[in-house]
Amino acid sequence: MTEILPGVHAIDGIDPSPDFTTNVLLLKDAKGGTWTLLDTGLPKQAGYDGGPAIVERYCAQHSIPLGSIRRIVITHLHLDHTGGLGELARKTGARIFAHWIEAAFIAKDPPYEGPGMPPKEAIQVHEKLKDGDTLDSFEGLVAYHSPGHTPGHTSYYCPARKILFAGDAVFNTGGKLVVSLKEYTFSSPLAQISVRRLAGLPVESVIQYHGAPVLKGGGKLLSAAAGHKT
Ligand SMILES: [Zn+2]
């Protein structure tokens, strides 16, 4: 079991390759004995079992009933985040949460034409979020619309624990946080502005989707990524 922080599980074995890590997270909800899944991994492909099978295996190994996952929260539309969404939503019966802009692209209405892989299947998001919305997941999450990587990219912040679930707003490259990589990003200047805003939050841990999570001192690295003086 990889419980990287109390109540925060990183799903083992979900990285498609050692140089392409994907932090799919299971968050234990403070209330109700339920769980929240944050992003869903790539779909099954040659040589890779796919997010749904790997999440299912993790849950079976750790006695987490699939039906106790009541919410699936998505940071953005890219396939490495939404590839397992349809199947996992069907298997768990969870409600799907995403920003209202990403919700339209995840439903392929209209299809996304920016950089990065779009979802393969059209999926209906149940709860369309806007900036500042709060979720009962984990120990309380606040949606921070952080556009740039994609138009509706959203990071989720837990004020009670000072954890920022950053999605692809930042990447960890060799222990340093950097603004999301240009080649996969809709607007780099917008991504930079979003990171600047996130860096204004009191943050201890930054758990972004790619690269090792920063469990301590994350705020300083985030400020450095934003170009703030630390
Ligand atoms: Zn992405």
Side-chain angles (χ1 to χ4, degrees), residues 10-11 14-25 37-45 48 50-52 54-55 72-86 88 96-108 110-123 125 128-129 131 141 143-157 164-174 176-198 206-214 218 221-222 225-226:
I11 305 286
I14 203 152
D15 297 342
S17 75
D19 54 359
F20 187 67
T21 57
T22 53
N23 296 314
V24 175
L25 303 173
L37 185 68
L38 185 58
D39 286 333
T40 63
L42 281 164
K44 186 177 163 68
Q45 49 195 266
Y48 180 65
I54 299 166
V55 169
I72 301 177
V73 177
I74 296 293
T75 58
H76 66 293
L77 65 97
H78 282 152
L79 186 66
D80 53 329
H81 300 255
T82 56
L85 178 58
L88 280 164
I96 305 169
F97 295 68
H99 189 273
W100 62 271
I101 295 174
E102 298 303 276
F105 290 133
I106 292 166
K108 291 177 162 291
Y112 185 64
E113 291 174 355
M117 289 270 277
K120 283 199 172 128
E121 62 171 322
I123 299 160
V125 169
K128 298 175 181 76
L129 301 172
D131 188 62
L141 295 179
Y144 275 79
H145 182 209
S146 42
H149 183 70
T150 61
H153 182 285
T154 295
S155 304
Y156 298 90
Y157 177 61
L164 179 68
F165 299 100
D168 283 3
V170 288
F171 285 48
N172 185 346
T173 53
K176 207 173 114 188
L177 294 180
V178 295
V179 176
S180 54
L181 307 180
K182 245 185 186 152
E183 56 187 306
Y184 306 113
T185 294
F186 172 73
S187 165
S188 290
L190 195 50
Q192 181 80 39
I193 294 166
S194 288
V195 171
R196 218 178 278 167
R197 179 191 184 213
L198 295 173
V206 178
I207 308 180
Q208 76 297 330
Y209 197 66
H210 300 291
V214 181
L221 294 188
L222 200 59

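In listed order, ligands and their atoms are each counted from 1.
Not counting sequence neighbours, the partners of Thr185 by the side-chain hydrogen bond (donor to acceptor under 3.5 Å, both in side chains) test are His149, Ser180.
Side-chain atoms of Thr21 come within 3.5 Å of backbone atoms of Gly211 as a donor-acceptor pair (strictly under, hydrogens ignored).
Side chains of Thr75 and Thr154: no donor on one and acceptor on the other come within 3.5 Å.
The Zn ion (ligand 1) has His76 NE2, His78 ND1, His149 NE2, Asp168 OD2 as protein N, O or S atoms under 2.8 Å away.
Taking the centre of each ring, Tyr156 and Phe165 stay at or above the 6.0 Å mark.
Using cut-offs of 30° and 60° for the angle between ring planes, the His81 and His78 rings count as tilted. In this structure, Phe105 and Tyr112 have perpendicular ring planes: the angle between them is above 60°, well past the 30° mark.
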